[in-house]
Each structure stands twice: as C-alpha cells, then as structure tokens.
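Taking it in order: structure first as structure tokens, then the write-up.
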Amino acid sequence: MMKSLRMMIGLLCPLFLMCGIFSPRDITTQPAVNESEDPFMFRKLLEGTSEMFSKYTWQDFFNPDCEYTNVTLSGTVNCTRETLVNHLLQLFDLYPDVTVNWQRTVDVVRDVDRIQVNQVSYTVNSSHFTDPPLYSGSSDFVLVRDASSVWRIQQWKDYSDQSFFSPAK
Amino acid sequence: MKRLIPLFLFALMLYPFAEAQVQEQYWPVEFGNPDSVDFVSDETIDTSVVPEEEEPPEAPDSSTVVLTGKTALYQTVRAHSTLEWEKILPKGHLDQTASYQYSQQASQSSIQTVDGTGNILFYNVRSSPFNAGLIWTPIVSYSKKTIESDAGTRTVGALQSSADLGPVLSGSFRGIPFTVKGGLYGFTWNDSITPWLLSSTDGRYHASPGVFGGFDCGGEEAPFDSVPLWFSLNTMGRSVGGNNLGLLRTGVLYTNETRVLGGGDSIYLSIGDSITNGKELYIGDFGGNSFYSNTSWRINHSFSGSAALRFKERFATIVRSYYRYGLHSISYPNESSGENDIRTTSQILGFSARTRKNLPISYDGGIEFGWEFDDYMYKRSFGTNDSPTAAERDAYIINQSDHYTGKARTDNDFTIRLPAGFRVNYHLAAAKDSKRYPFVFRETLTIKRTNVNENDRVWTDHLLSLFYERDSSLSAGLYGKYRRTYLYYYHENRAGESSITDEYRTGINVRGTLGPVSLREHFYMDVEISDNYFKKIGDKPTDPPPYARRFSSSLSGTWAISDSFSLNGNWVNIYSDDGYWYGKAYHIDTSAGDAEFYAIESKSTKYWIDCWLRYGLGNGTAVSIGSKFSDVFERRYDFDLRRFRNSELDVGYDIEPYVRTSLAFGTCRAALSVRRIFKTEDAERWSKRKNWDISLSMQVYW
C-alpha cells in the first residue's frame with residue numbers, strides 16, 4: 001500500500017506537466033509589423049544602404065541632440081527632438097492614416113558611422129486632407145551610428161514653405 | 001481534447017485520497033500550527049495589542065534596565081541608542097523607553113529622532129478585576145539639509161513632534177481579555193527652522209491638537225472552554241487638525257477535530273476583516289523645502305475567508321486541502337472620477353501531501369490553483385462597445401487595466417535515502433500566471449482599443465542533487481538545476497516580445513575537516529540562454545536574444561592553531577560575461593552566412609581574499625585581526641574601437657585591514673569593529689581622516 005501510494009504521488013508530477021496546466025497557451029497571432037510606430041516611413045531613408053533602424057519607435061528614430069530645421073523663404077525654424085516628436089505624435093493623432101512617400105534623388109554619402117541622405121523629396125497623403133496631396137517638400141538628413149550600433153537621425157533640414165513636419169508652421 | 005485525457009487520469013488518481021490534499025508549502029499562515037493555534041495573519045489579525053502583562057509579577061520591586069547602542073561611521077553616520085527601563089511595582093509595573101536615533105548622509109542631510117514612549121499599569125485597582133494606568137508616546141524629530149542653488153547655499157531644518165497621552169484600562173470579561181485606551185493627541189511642526197533651535201524661525205509654525213481612542217479584545221486564549229474558537233478585535237481612531245482616521249480589524253478562527261474519515265482529522269475555518277478609513281498627516285519635500293499636508297481621504301478594506309481540512313497520518317502520509325477567498329479594495333471617496341479606485345478579488349484552492357521524512361523514499365509537496373481579478377475604477381460600469389467622449393477617454397483607458405489572472409503552482413520534493421550516507425533529492429517546481437484583459441471599447445468608429453498586455457508566464461524548475469555525509473568530518477553535494485521560463489504575449493502588438501529562456505546551473509559543495517584544519521568549497525557555473533519565439537517580424541529579424549554565463553568559486557578554511565587561536569581565510573572568485581546570441585535567424589546582413597556566435601558585450605572578474613587571525617576566550621570575548629584584498633576587472637566592448645576596453649570600475653585595488661572585537665563581562669555585551677579602506681587609485685588614501693569604517697554596539701542589563 002505504501003509503495004503504491006508513493007508511486008501514485010511520483011506519477012502525479014509528470015502528469016501535472018503533461019496535462020497542460022503548466023504550459024503556456026499557443027500563440028495564434030502573428031506579431032504586427034509596427035507600421036503605426038513609423039507612419040511617416042522614416043525607414044525608407046536607409047533603404048538600399050544595407051543598414052536599418054533598430055527600432056521603429058518614435059523616440060528611437062532621433063538622436064537625443066537631434067536638430068530639426070525648417071528652411072523657408074521667410075526664415076528658418078529650429079527645434080529639438082522633444083518638440084519634433086511631440087509634433088509628430090500630434091500629427092498622427094490628427095491623421096491616423098497618414099502616409100509619406102520619400103523619394104531619394106541623389107546617392108547617399110556613406111562613412112563608417114555616418115550617412116548623409118540629401119535632396120529627399122516627399123509628399124504626404126491622408127484621407128483627412130481636403131485636397132490631397134497638400135504637403136510636399138524636400139529634405140536633407142544626416143544619420144549617425146551610436147556606440148550601440150544603432151542608427152539615428154542627427155540632422156534634418158526640411159525645405160518647404162508649408163512644411164507638414166515643422167512644429168512652427 | 002487530448003489534454004483532457006491526462007486531466008481525467010489525474011482526477012481518477014486523486015479519487016482514493018477522498019477529496020483532500022493540501023500543499024505543505026502553501027499551507028495558510030493562519031492554520032500554521034494546529035496544535036498550538038498560532039493564527040496571526042498579516043492582513044487580518046494583529047495580536048500585538050493583546051495585553052502581555054496579565055501575569056502578576058514574581059518579584060515585587062525588581063527592575064530591569066537595558067541599554068543598547070549602535071554607532072556606524074562610514075560615508076553615512078548612523079547612531080541608535082535605546083534605554084529600556086522596566087520597573088516591577090508592588091501592584092503594577094512601569095515601562096519607559098528612551099530612544100535616540102541620528103543619521104547623517106554625506107554631510108548634506110541629517111535626521112535626529114527622540115522617542116520617549118512608556119506606560120504605567122496598576123493591577124486589580126481597588127480590588128476590582130481590572131488594571132488601570134497611563135500611556136504616553138512623545139516623539140520629536142528634527143531633520144536638516146543643505147541646499148545648493150544659484151542663490152547660494154542654505155541650510156533648512158524641520159522640527160516635528162507628536163504625543164499621545166491618556167488612560168488605559170485592561171482586564172478580562174468572561175475570560176476574554178480586553179484593553180480600552182483613549183486620550184489627547186498633539187501634533188506640532190515647524191517646516192522652516194534654522195539649525196540653531198529656538199534661535200529664530202520665520203513663523204511657519206503649526207500645531208494641531210487632537211484625540212485618540214481604541215479598543216482591543218480577544219487573542220491567543222480560547223475564551224470558551226467547550227468551543228475551539230479564537231477571535232480578535234482591534235479598533236483605533238484618531239482625529240487631529242480636521243483629519244480623521246479610523247481602523248477596525250477583526251478575525252475569527254475555528255478549529256476542531258472532525259470525523260470525515262475517522263477520528264484525528266481536523267477542520268479549520270477562518271475569517272478576517274480590516275478597514276481603515278480617513279486621512280493622515282505627512283511630511284513631504286518639494287524643491288528642497290519640507291511641507292506638511294494630509295493624504296486624500298482613503299478607505300482601505302481587506303477581507304479573507306478560509307477553510308481547510310487536515311487528515312491525520314495514514315500510511316505514513318498526511319494530506320491537506322484548503323480554500324481561501326480574498327477581497328481587497330482601495331477607494332478615494334473625495335475623487336468623483338474614481339480613477340484611483342481598485343478592487344482585487346481572489347480565490348485559491350490547494351492540495352498537498354507529506355510522507356514521514358525517515359522513510360527510504362519520502363515526498364513533500366502539492367499543487368495550488370488560484371484565480372484573481374483586478375478591477376480598476378470598480379465603482380463605475382463601462383459598456384464594452386461605448387464610444388466615449390474625449391473627456392471620458394482617460395477613464396476608459398484606465399479601465400483597460402482590468403485583468404483576470406489564472407494561477408497554478410506546484411512544488412514537489414522527493415528524497416531517496418541510500419546506504420553508506422548517500423542521499424538523492426529531486427525537486428520539481430512549476431508556476432504559471434496567465435493574464436487576460438477583458439475590457440475592449442471603441443474609441444472611434446475605426447479604432448477599437450484592447451489592452452495589448454495579455455500574457456502567460458510559466459516557469460518549470462528541475463533540481464537533482466546527490467548528497468554524501470560521513471559523520472561530521474566530510475560532506476559533499478553535487479547538483480544540477482534546469483529552469484525553463486516562457487513569457488508569451490498574445491496581442492499582435494506585443495507577440496514579437498515572446499521569449500523562452502533556459503537557465504542551467506551545476507555546482508558542487510564540499511566540506512571537510514582533517515585534524516585542526518577544516519575547508520569548505522562551493523563551486524558552480526551557470527548559463528542563461530534566451531530565444532525569441534518569433535525570429536522575424538515582417539521582413540526584419542528581431543533583436544538577437546540575450547546570453548550570459550557565470551563561474552563562481554568560494555573557498556573558505558579555518559586552521560585551529562590552539563584552543564584560543566585560529567587562522568581563517570576566504571577566497572572568492574567570480575567570472576561572468578553577457579551579450580547576445582547571433583544565431584543565423586538573427587542575421588541582418590546575409591553576407592554573414594551560416595555563422596552563429598555569442599557576441600560578448602561585457603566581461604567581468606571579481607575576486608577577494610580575506611584572511612584573519614582570531615583569538616577567542618570562549619565566553620563571548622574575542623579579537624580578530626585581518627585584511628581583505630579585492631579587485632574588479634571589467635571590460636566592455638567598444639563599438640567605435642571594435643575591441644574591448646577596460647571599464648571605469650577596473651581601476652586599482654581595495655585593501656581593507658580591520659580589527660574586530662567582541663567583549664562579554666557580567667551583563668554587558670559589546671562589539672567594536674574598526675576598518676580602514678585603502679583604494680590604490682585614491683589620491684587621498686593616506687589621509688588620516690578619510691575612509692574609516694567604525695561601528696560600535698553595546699548592550700547592558702542591570
């Protein structure tokens with residue numbers, strides 16, 4: 001009796017593990033490609049360079065000391081990363097289906113830890129625009145790779161009199 | 001369907017146990033020891049208020065004084081001195097405490113507190129069955145800090161004091177002990193006092209008188225001879241400066257033998273409830289300035305009810321079972337939004353079995369199942385298909401944190417005793433937490449919001465050990481441990497973070513004595529390997545998973561040179577590295593081919609050697625003189641230089657000579673430790689006023 005009792009207890013343990021009580025549920029969902037965190041398609045800037053952004057999140061596209069400059073006929077507007085990201089978030093709230101088409105017109109200038117992407121023309125579209133495409137322009141970018149091998153935008157010069165991206169438009 | 005078959009078999013095997021097992025490891029604390037009925041529960045019953053001085057004094061006029069003091073001086077200065085005086089009076093007793101605490105950090109801030117709590121109690125006042133007396137709790141605290149700003153450096157201080165003073169009455173009514181107390185309460189403070197007390201203040205002085213009262217009854221003694229029922233009731237109220245706070249706590253425990261399967265089985269029932277309602281004063285800090293304020297009106301309620309069966313030993317095995325229901329809520333009546341209100345309900349069902357430990361094969365373990373629901377903003381109801389207005393949106397988002405947690409735990413320990421001092425132990429443990437977030441709402445016509453954190457966290461532990469013990473001169477243990485942890489997310493936004501982590505550890509412990517020399521060695525090595533469930537998201541490989549290794553050796557020994565002298569040593573060496581596993585699936589650049597590698601990002605070697613000579617007299621008096629040598633060698637991979645570089649920690653060595661003494665004479669105990677820290681890279685290491693670590697503690701009775 002004692003022996004059978006202990007055998008029974010011994011058999012319970014593998015049974016606990018086998019019957020699925022201590023197994024995670026199967027994952028039936030494929031992870032979403034996080035387009036929503038890159039609605040402005042910044043990843044297109046590195047397309048064809050064999051490099052890529054490590055994360056498609058709002059903050060991670062930009063270096064902490066990134067500078068955004070909007071150059072217009074009437075002057076220039078500068079802002080920090082925080083202001084720029086906040087503005088991009090507001091834009092996304094206003095136009096959740098926004099798409100940006102970036103078109104490189106010249107080759108990138110490549111260094112070990114630095115990539116210059118100049119004269120990138122863009123058009124912005126959204127169903128919320130009354131008369132699309134309403135916004136267009138051209139930009140120069142400088143991207144740098146930090147100590148963790150992560151590529152980020154260091155400089156963004158935006159040439160447009162009616163820039164979609166400028167916080168002070 | 002396949003998974004139901006083992007469940008059915010499992011249920012069949014449980015049947016002979018006749019519906020009852022309880023897990024030894026999870027046995028509720030209020031059912032801790034059924035023989036002595038120690039039913040103190042953290043949440044429900046506090047027996048600390050039960051009168052402890054019911055017994056009449058054995059030796060009238062005797063008194064005891066205990067003086068304790070501790071002082072530590074190294075980077076932070078801390079001192080704590082306490083004088084406890086207990087005087088046994090002819091028909092009562094007197095307790096008086098005088099406590100002083102001082103703490104200073106880096107000469108920037110310090111705090112001093114004096115506590116003079118005491119009470120006096122007279123037994124059987126006027127030949128009545130009641131005891132009467134007085135309680136007092138004066139506490140004064142002064143804090144000081146130095147603030148540096150553009151306007152210059154200034155020192156600010158804050159003085160705070162509070163005091164309870166009032167009568168206390170205790171006794172017992174029909175065998176039930178009780179205590180009633182009440183009186184005046186005062187709270188004063190000055191939140192901008194100069195370092196020179198009483199010299200000048202800028203008038204920010206406040207004082208609030210108040211009252212307090214409380215009633216406690218019940219406790220460790222069963223009040224009724226024929227009924228095995230214990231209960232406890234504690235109430236406490238305080239009102240000061242318009243802030244009122246009330247506390248009500250009660251608990252009931254019933255234990256009895258039952259005849260479910262025969263004599264000797266036991267049944268336990270327990271109910272506990274506690275509620276606090278009101279506001280409290282507190283001291284805060286804003287921009288370097290102290291301020292006093294009161295908390296929001298808060299109601300904190302906890303309830304728990306438990307039932308358990310413990311079967312008497314049959315076939316050398318004790319089986320147990322229990323069920324517990326719990327409810328905990330916090331609400332803020334003054335906040336109409338209810339955004340901070342939360343209620344948690346939980347249920348737990350447990351089974352366990354334990355065989356006698358002296359059997360050739362013994363078992364101890366069981367299984368527990370639990371269900372829990374966290375309900376945020378529980379006083380409001382939310383429709384799942386509502387389209388909230390912009391003003392309501394925040395509340396809907398908070399309500400999305402509502403979640404169910406399904407829990408399962410098992411813990412099983414098998415021991416096989418072999419001849420010649422060998423023993424094999426196998427430990428199997430597993431746990432699962434499964435979270436589901438039921439609340440979904442439509443934010444707009446097109447956006448449907450769900451909480452993306454639904455997840456399962458599961459871990460399984462296997463530990464196999466082999467022990468050998470030959471009297472007290474040699475013992476050894478060899479073990480291997482394996483743990484697998486699953487963390488799976490089920491919403492598409494977080495599914496990509498799902499991972500599986502494997503941890504391996506193997507080690508050996510050896511302890512041996514040969515004549516006057518004894519040695520102990522503990523060596524282990526472990527490795528932690530993670531892997532992503534999804535190695536690609538879209539066309540992009542996920543981040544490579546973390547990987548880490550560690551090797552550790554700790555050798556200590558003692559050479560007993562004579563009865564009084566011994567030479568001791570301790571040598572610890574730890575190597576560790578961590579980085580990322582670049583399997584083929586994680587290659588961004590396909591030109592890397594099939595190569596798979598462990599990319600180490602940091603390496604570290606720490607070691608210290610500690611040697612000391614001890615001279616002991618065997619009566620608690622001893623002196624130890626020694627020195628410790630330690631070093632950290634750490635390197636991190638520099639992505640710019642493409643090579644490892646020494647980190648900032650990898651600078652110089654630490655050498656720490658020290659003397660430790662402990663003294664015991666009569667009723668006095670004292671310990672003194674003096675240590676000097678030399679850092680070879682510290683330019684001021686020879687400064688006589690730096691880097692001393694001194695601590696002194698003393699205890700005197702008379």
Side-chain angles (χ1 to χ4, degrees), chain A residues 1-38 43 46-47 49-57 60 92-97 112-114 127-128 144-151, chain B residues 2-7 9-10 13-14 16-17 315-317 353 355 359 361-363 365 367 369 408 410 412 414 426 428 430-432 434 444 446-447 455-460 486-498 533-534 537-540 542-543 588-589 591 638-640:
Chain A
M1 187 64 190
M2 280 286 302
K3 193 176 173 185
S4 59
L5 187 66
R6 286 197 295 272
M7 279 180 66
M8 189 181 293
I9 292 169
L11 283 170
L12 288 179
C13 297
L15 268 175
F16 290 157
L17 301 184
M18 284 166 57
C19 66
I21 296 172
F22 294 102
S23 301
R25 291 168 281 161
D26 291 334
I27 302 176
T28 54
T29 315
Q30 283 293 316
V33 178
N34 237 340
E35 301 282 356
S36 64
E37 292 188 350
D38 185 22
R43 61 180 176 276
L46 287 173
E47 211 169 60
T49 63
S50 80
E51 301 291 352
M52 60 202 319
F53 292 102
S54 70
K55 289 178 184 172
Y56 295 159
T57 54
D60 285 316
F92 182 58
D93 273 349
L94 286 170
Y95 312 112
D97 63 342
V112 176
D113 291 328
R114 182 184 166 94
S127 62
H128 294 77
V144 294
R145 180 159 58 182
D146 68 11
S148 306
S149 280
V150 172
W151 285 98
Chain B
K2 280 181 181 175
R3 286 192 167 175
L4 291 177
I5 295 170
L7 268 176
L9 287 171
F10 170 55
M13 296 184 80
L14 279 178
F17 287 81
F315 309 114
T317 305
T355 64
L359 297 173
I361 302 175
S362 61
Y363 169 81
I367 191 166
F369 302 96
T410 185
N412 305 275
F414 297 91
Y426 172 61
L428 168 65
K432 178 180 178 179
S434 187
T444 65
T446 53
I447 299 177
N455 70 80
D456 276 7
R457 185 183 183 87
V458 180
W459 58 258
T460 323
Y486 298 90
L487 179 59
Y488 282 6
Y489 290 95
Y490 296 96
H491 191 279
E492 60 176 13
N493 281 21
R494 296 201 67 184
E497 298 171 41
S498 301
Y533 185 90
F534 292 103
I537 297 178
D539 58 350
K540 178 179 176 284
T542 50
D543 292 336
I588 296 173
D589 184 358
S591 64
D638 188 313
F639 287 90
D640 292 328

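Lettering follows sequence order; numbering is per chain, from 1.
Between B:N455 and A:R25, the shortest heavy-atom contact is O-NH2, 3.7 Å. When all heavy atoms of B:V458 and A:S23 are compared, the pair lying nearest together is CG2-C, 4.1 Å. Heavy-atom minimum distance, B:G496 versus A:P31: N-CB, 3.5 Å.
Atom CZ of residue A:F22 and atom OG1 of residue B:T410 lie 5.0 Å apart, to the nearest 0.5 angstrom. In this structure, CZ in B:F534 is found 7.5 Å from OG1 in A:T29, a value given to the nearest 0.5 Å. Note that the OG1 atom of A:T28 and the CD atom of B:E492 stand 11.0 Å from one another [nearest 0.5 Å].
The contact between B:Y533 and chain A is made entirely by side chain atoms (from C-beta outward), counting heavy-atom distances below 4.5 Å.
No donor-acceptor distance shorter than 3.5 angstrom exists from the side chain of B:K432 to the backbone of A:P24, with no hydrogens or angles considered.
The neighbour count for B:R494 CZ, taken as heavy atoms of other residues, nucleotides or ligands under 6.0 Å away, is above 12.
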